[in-house]
Amino acid sequence: MISRLDEARQAIRQRIIEKLHDLGWPTLDELVQVEVPTEKGRGDLTTSFALKAARRVKMPPRELLGHMDAIWSDLPCVAGTEVAGPGFLNFTLSTAWMAEVIPDILRHPQTYGNTAVGQGKRVLLEYVSANPTGPMVIVSGRAAAVGDTLARVMSAAGYQVWREFYVNDAGGQIARLGQALALRLRELEGEDVESTWPENVYPGAYVKELALMYRAEHPEVLAQSLAEDEYPALGAWAAERIRQGHETTLKHFRVTFDRWFSERALRESGAPEAVIQRLKDRGYLVEREGAWWFTATRFGDDKDRVMVKSDGSLTYFVPDAAYHADKFDRGFDYVIDLLGPDHHGYVNRIRAVVEALGYPSDRLEVLIIQLVRVMRDGELVRMSKRGGTFVALEDLIEEAGIDPARFFLLERAPETPMDFDLNLAKLKGPDNPVYYVQYVGARIHSVLRQWRQMGAPAVPVDVTLLQEPEERQLIILLARFPEVLVRVAEERAPQHLVKFMTELAGAFHAFYRQHRILDQAPKLRQARLALAEAVLAVNTRGLELMGIEQPQEM
RNA sequence: GCGCCCGUAGCUCAGUGGAUAGAGCGCCUGACUACGAAUCAGGAGGUCUGAGGUUCAAAUCCUCACGGGCGCACCA
């Protein structure tokens, strides 16, 4: 049982199944699904089991439904039924019965919506994992918002969530970062480096800032004497500074991690070599053209992958494999990777190596976070890391604000490319959907303030007085909240929460425009106050799960 | 060329094999002597890219075509 709505659903389903058994059809149970209809005006719950079962029972759907007529009379949650269309059965739930959700919420406002569907399963969520070679771009922000909200919602759904950021602080790119730093240090000593800037070395302006920091820290180092073999160490120094910047930016964005997993530490532990040995032992590593290849094609990948290059060094893929081995060795039930759009060729490879190492690859889930294009004044804002001109996550947060940025980045299905409309996000006005949702809380807080000033005595709450259509709509939505969270958690789909919050806000604004709360007879006033407080609780909780603030005044 | 993702209203996008395909923005018409108008009520706007197929039922599943994005190194 995950909610009051679910209780009604289960009761109805059980009743239908019992009746089918009575009629002599004991094998149709799985066809009986009671669902929330996709559109309004089709009842509060609906089932199409008669359509699904028609063929097997050799009876037209509506005739089958005729047998279901009298079986609802003693179910307190059902107020009415209706047969519609070719054979749908729609249920109207008892408003008074559903309204009990209000005291349920008010008893535990901070935890309403929590469920145990995750059964305490341990989940490792890896997200962002931006390279520490430059500022984070927007797609990292999307991964941050999605990963963080998934972590929050999955925790609410009863999973034990561990959040991790994998830091690629080793390898060739770090050496190149070190080279860039060395060049900028030489520039500080008066050398012209621009005209001879090498290919593949980050020219970004942020390296100049790093050079200034480095010189302040190490005034004794003479840049001209820096040799090539010192680039990795320089790069590591720079990478750690950049990583700290990422951490600061993400924290500001309300995104935190339980662990920053260092690739360098992983390499130093010898884990990559251990993976090589394990694959050799299992016979999945073959020597060809002087290199060692992982036979990924045996596990469904397009081609085999080099792991040990002919010069004896390891490809980047080996530490990644070792990292995943480490994840599985830590005993997680689910290993979820949120990867950037440039990684989809990589998914089969990592899945292959996980399987080759003998881990249950069905516990590995890879979610590709798709590209974000930023639009300003209807024009595409170009991002180019190479040229050093791009929209950094920091700039986006600065320009749009944390709340709108998170809201917009969560609004779309993560695996589809999206456009981020900067103009809309920046709007401080009525057209901005973030404020639409936040305004709900501000209005209710305002009513509650005035209620306290009235000093009117509280009377016992009787939620059965809430019979207006707008009140009913709110009650049904409040009852749906726990299931929304379950769906977000299980489908790894935060956009459903955003949609729900927008719907709840719409229902509240409609109610608020139509009906008054405070100038009512004491009993109705008390009931509406309870309703408003319940809406506030769910609104606040939902926003919190999205990492968005609920201002008391706007 | 191969692989992955996508194609739904003017724009940006939801959509769980079900009923008359939804929302926001934009456009049009109305509503404060009012607990907050950052709001509400209503309207116009669709061959769900196309063609086949599976199904009682397809935007949804399958095949093909077309269009778009991204990826396809002994780089990371």
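FYI, side chains are in, hydrogens and waters are out, and symmetry mates aren't considered; it's all heavy atoms of this structure.
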Seminar exercise, completed: One should report the stems of RNA chain B, each a stretch of at least three consecutive Watson-Crick or G-U pairs at distances under 3.5 Å, as B:1-7 with B:66-72, B:10-13 with B:22-25, B:27-31 with B:39-43, B:49-53 with B:61-65
Exercise. Considering only the P atoms, how many Å lie between B:C61 and B:G18, rounded to the nearest integer?
Worked result: 11 Å
Problem set entry | A:F261-A:F165 aromatic ring centre distance below 6.0 Å | no
Exercise. Looking only at atom C1', what distance separates B:C13 and B:G7, rounded to whole Å?
Worked result: 12 Å
Exercise. Salt bridge between A:R480 and A:D6, side-chain N to carboxylate O under 4.0 Å?
Worked result: no
Tabulated below should be each protein N or O lying under 3.5 Å from an N or O of nucleotides 4-7 of chain B; please produce it.
{"unit_1": "B:C4", "atom_1": "O2", "unit_2": "A:H344", "atom_2": "NE2", "d": "3.3"}
{"unit_1": "B:C5", "atom_1": "O2'", "unit_2": "A:E415", "atom_2": "O", "d": "3.1"}

For this session: Please state the P separation for the pair B:U49 and B:A59 - nearest whole angstrom.
Result: 10 Å
Problem set entry | Closest to the A:S48 side chain, choosing from B:G18, B:C35, B:A41 | B:G18
Problem set entry | Between B:U8 and B:G50 - P atom distance, rounded Å | 10 Å
Exercise. Checking all strands, does A:D421 fall into the base, sugar-phosphate, or nothing category for heavy-atom contacts under 4.0 angstrom?
Worked result: nothing
Exercise. When we call it a touch if two heavy atoms are under 4.0 Å apart, what does A:H515 touch: a base, just sugar-phosphate, or nothing?
Worked result: base
Problem set entry | Presence of salt bridge, A:E164 and A:K327, under 4.0 angstrom | no
Seminar exercise, completed: To the nearest angstrom, the OH-C1' distance between A:Y436 and B:A37 comes to 13 Å
Problem set entry | Anti versus syn assignment for B:C32, with syn defined as within 90° of 0 | syn
Problem set entry | Length of the CZ-P vector between A:R412 and B:C25, whole Å | 12 Å
Problem set entry | Within the 6.0 Å centroid threshold, strictly below: A:Y435 and A:Y439 | no
Exercise. Considering only the P atoms, how many Å lie between B:C74 and B:G69, rounded to the nearest integer?
Worked result: 27 Å
For this session: Determine the Euclidean distance between corresponding P atoms of B:U20 and B:C2; express it in Å to zero decimal places.
Result: 41 Å
For this session: Give A:A413 one of three labels, base, sugar-phosphate or nothing, depending on what nucleic acid heavy atoms sit under 4.0 Å from its own.
Result: sugar-phosphate
For this session: Report yes if the ring of A:Y346 lies under 5.5 Å from the six-membered base ring of B:G71 with planes under 30°, and no otherwise.
Result: no
Exercise. Under 4.0 angstrom, heavy atoms only, what part of the nucleic acid is A:M307 near: base, sugar-phosphate, or nothing?
Worked result: nothing
Exercise. Has A:R243 got its NZ or CZ under 6.0 Å from the middle of the six-membered ring of A:W260, at an angle within 45 degrees of the ring axis?
Worked result: yes
Exercise. When rounded to the nearest Å, what value does the distance between P atoms of B:A58 and B:G43 take?
Worked result: 29 Å
Exercise. C1' atom, B:G53 versus B:G17: distance in rounded Å?
Worked result: 15 Å
For this session: Determine, for A:E263 against A:R267, whether the closest basic-nitrogen to carboxylate-oxygen distance falls under 4.0 angstrom.
Result: yes
